[in-house]
Amino acid sequence: MNNLKIIIICTAVALVLLCSCNTGSGTAAFSGGDTLQLKHSELLTIVKHDSFTVVTISDPWNKGKALHTYILVSDTLAGLADRMKAHRTTNETVVRTPLRHAVVTTSVHCGLLVSLGKGSSIGGICDIEYINQPWIRQQCAKGAIADCGNSTAPTLEKIIAAKADAVLISPFQNSGGYGRLAEWDSPVIEMADYMETSALGRAEWMKFYGMLFGAENKADSLFDAVEQSYNELKTMAKKSRTRKSVIMDKVEGSVWYVPGGRSTIGGIIADANAGYAFADDQNSGSLQLTFETVLEKAGNADVWMYRYGGRQATLETLLAENRGYAEFKAFKDKAVYGCNTTTTTFYEDTPFRPDLLLRDFIIITHPDLTSLGAPKYFTKLK
C-alpha cells in the first residue's frame, strides 16, 4: 500500500472517530462496515471495515453495556494503528495484529492456540501447574515460554521481559481491575468467553482469537467442524431409547458447586438429552449449594459425573471424603464417573471442542448408543 493511500485511510478514520457519538456502552460508533453474522455467541459483535475490524464484547454482568471494544489493525498499517490509538476512548483498545508473542493466562486458550497452529505465538503463560499440554511444558522448561506467575495477578516485570505484545486474561465481576497491568501500555484482551450461555457460543469465540493471531481461516474451519460434529451428536442423543439423569461434581470444602441450568455444562447436559435436577435454573454460572440441598434435589440421579485433580480416584477414596456420598443412588449403583483433570487435557480441550464433552455425556447417559465407543475424559470408578 502506498503512502498516499495510508494517509487517506488514516485521515478518514480519524474523522470517523472524532465525529462519532458515544453510545450508552461508552464505545465509539463506527459508521459502515460489515457485521459478521455469528450463529451462537451472545457476547461478541464483530464488524469488519476495509482496513480494520471492530470487536465489541458485551458486559455479561451489566446488560446493555460493553465490557470492552477492540480495534484490530494489521501491523502493516502502523500509521493507521497509531492514529486510531490517539483517538480511542477509555473503553477501547487498538490491537496490532497478528499477535506474535502474547502472554496467555489460561490453559484453555493455550490449548486453542496450539489447535490453531499458533503455539509459537505464546510468549508467556500463568499457572503452569495447571497446564497439561506437553509441548507447552517443554517450551517452559527450555525458557522459550516465560512463566509469568499467577493468572489473577501476572507479574508485570516478567511480562515486560518476555517482550509480550498483549496479555490475554479472564475478566471477573467486581475484580477491581488487573493490578499493575494498568501501568502497561500494550493491549489487555479480556477473554469473557466463559460467560457465554451455550457451549457453541463459547466455542465461536475462536473466530475472534483467530483474528488476533492471524489464523482467521483456520479458526473458521475448525468452528464449522466442531458445530457440525456437535449437532450430529445432539441429533443422535434425541434418538436414544434410554434417558438417564445426571448429577455433577462434588463437595469442595463446605460447598457443592453444580452447573447452573443456563451454564455451558448445563446446556451440554440438555443437548445430551439427559435429565438434570437443576435444568430449570436460570444461572449461567455455578450454583453454591449445601450437601443436603444436592442430596434432596438430585439424590436419585442415575449417573454421577465429577471432575477432580490428583491421584486416581476410586469409590473408596470418594467415600472417604464424605460418608454421605453413600446415600446417592448413583453411588449405590456404582454409576460414578470421574475425570482426572491433572492427567487429561479436559480443560485445554473442551471449552472450544464441546463436541468432545457432549460425546462423553451421551455415551454415559445413553448406554444403548454403543457405536460411540468409550468416553474420552471420564472413566468409571471402581
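Fair warning: this is a prediction, and the values are worked out from it, not measured in the lab.
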Residue pair [X] / [Y], side-chain heavy-atom distance below 4.5 Å:
X    : Y    : value
T365 : Y276 : no
W135 : I145 : yes
L200 : K39  : no
S51  : V73  : no
T53  : T97  : no
S151 : Y130 : no
V294 : V251 : no
P367 : K244 : yes

Around atom [atom1] of [X], are there more than 12 heavy atoms of other residues, nucleotides or ligands at under 6.0 Å?
X    : atom1 : value
D50  : CG    : no
D280 : CG    : no
D34  : CG    : no
E157 : CD    : yes
E316 : CD    : no

So, using side chain to side chain contact (heavy atoms under 4.5 Å, CB included) as the criterion, who are the partners of [X] when residues are at least two apart?
X    : answer
L38  : L36, S41, L44, I46, E204, K207
E327 : L295
N273 : A237, R243, H366
E232 : Q228

Side-chain donor/acceptor of [X] to backbone N/O of [Y], under 3.5 Å:
X    : Y    : value
R307 : M248 : no
T69  : T56  : no
D165 : R100 : yes
T344 : N340 : yes
H68  : I189 : no
N132 : T341 : yes
T93  : Y70  : no
W304 : D249 : yes
E196 : E42  : yes
D127 : E129 : no

Tell me the closest heavy-atom pair linking C148 and G124, and the distance in Å.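 For C148 versus G124, the nearest heavy atoms are SG-CA, 4.3 Å.
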So, for S245 and D302, which heavy atoms are closest and what is the spacing to 0.1 Å? N-OD2, 2.9 Å
With a 3.5 Å cut-off and no angle check, do the side chains of S240 and D368 form a donor-acceptor pair? yes
Does the ring center of [X] lie less than 6.0 Å from the ring center of [Y]?
X    : Y    : answer
Y230 : F223 : no
F291 : F328 : yes
Y325 : F331 : no
Y178 : W184 : no

Quick one: sort the Y308 and Y306 rings into parallel, tilted or perpendicular, breaks at 30° and 60°.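 Plane angle between 30° and 60°, so tilted.
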Is there a path of hydrophobic side-chain contacts, each under 4.5 Å between heavy atoms of I/L/V/M/F/W/Y residues, joining [Y] to [X]?
X    : Y    : answer
L318 : W256 : yes
Y337 : L319 : yes
V167 : I136 : no
L356 : F352 : yes
I363 : L369 : yes

Under the salt bridge (Lys or Arg N to Asp or Glu O under 4.0 Å) test, residues paired with D349 that sit two or more places apart: none
Determine, for D281 against R262, whether the closest basic-nitrogen to carboxylate-oxygen distance falls under 4.0 angstrom.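 Salt bridge flag = no for R262 with D281.
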[atom1]/[X] to [atom2]/[Y] distance, rounded to the nearest 0.5 angstrom?
X    : Y    : atom1 : atom2 : value
T350 : D360 : OG1   : CG    : 9.5 Å
S229 : D224 : OG    : CG    : 12.5 Å
R180 : I159 : CZ    : CD1   : 9.5 Å
L99  : I122 : CG    : CD1   : 11.5 Å
L67  : E190 : CG    : CD    : 4.0 Å

Checking side chain to side chain contact (heavy atoms under 4.5 Å, CB included) for the pair K297/L289: CA distance, chi angles, key distance, verdict? CA-CA 11 Å; K297 293 184 66 68; L289 305 177; 5.7 Å; no
Under 3.5 Å, side-chain donor or acceptor atoms of residues 107-118 against the rest of the protein: list the pairs with distances, not counting sequence neighbours.
{"unit_1": "H109", "atom_1": "ND1", "unit_2": "T106", "atom_2": "OG1", "d": "2.5"}
{"unit_1": "H109", "atom_1": "NE2", "unit_2": "D193", "atom_2": "OD2", "d": "2.8"}
{"unit_1": "S115", "atom_1": "OG", "unit_2": "G111", "atom_2": "O", "d": "3.1"}

Would you please test Y377 and Y347 for ring-ring contact (aromatic ring centres under 6.0 Å, His included) and show each step? CA-CA 10 Å; Y377 302 104; Y347 286 121; 9.9 Å; no
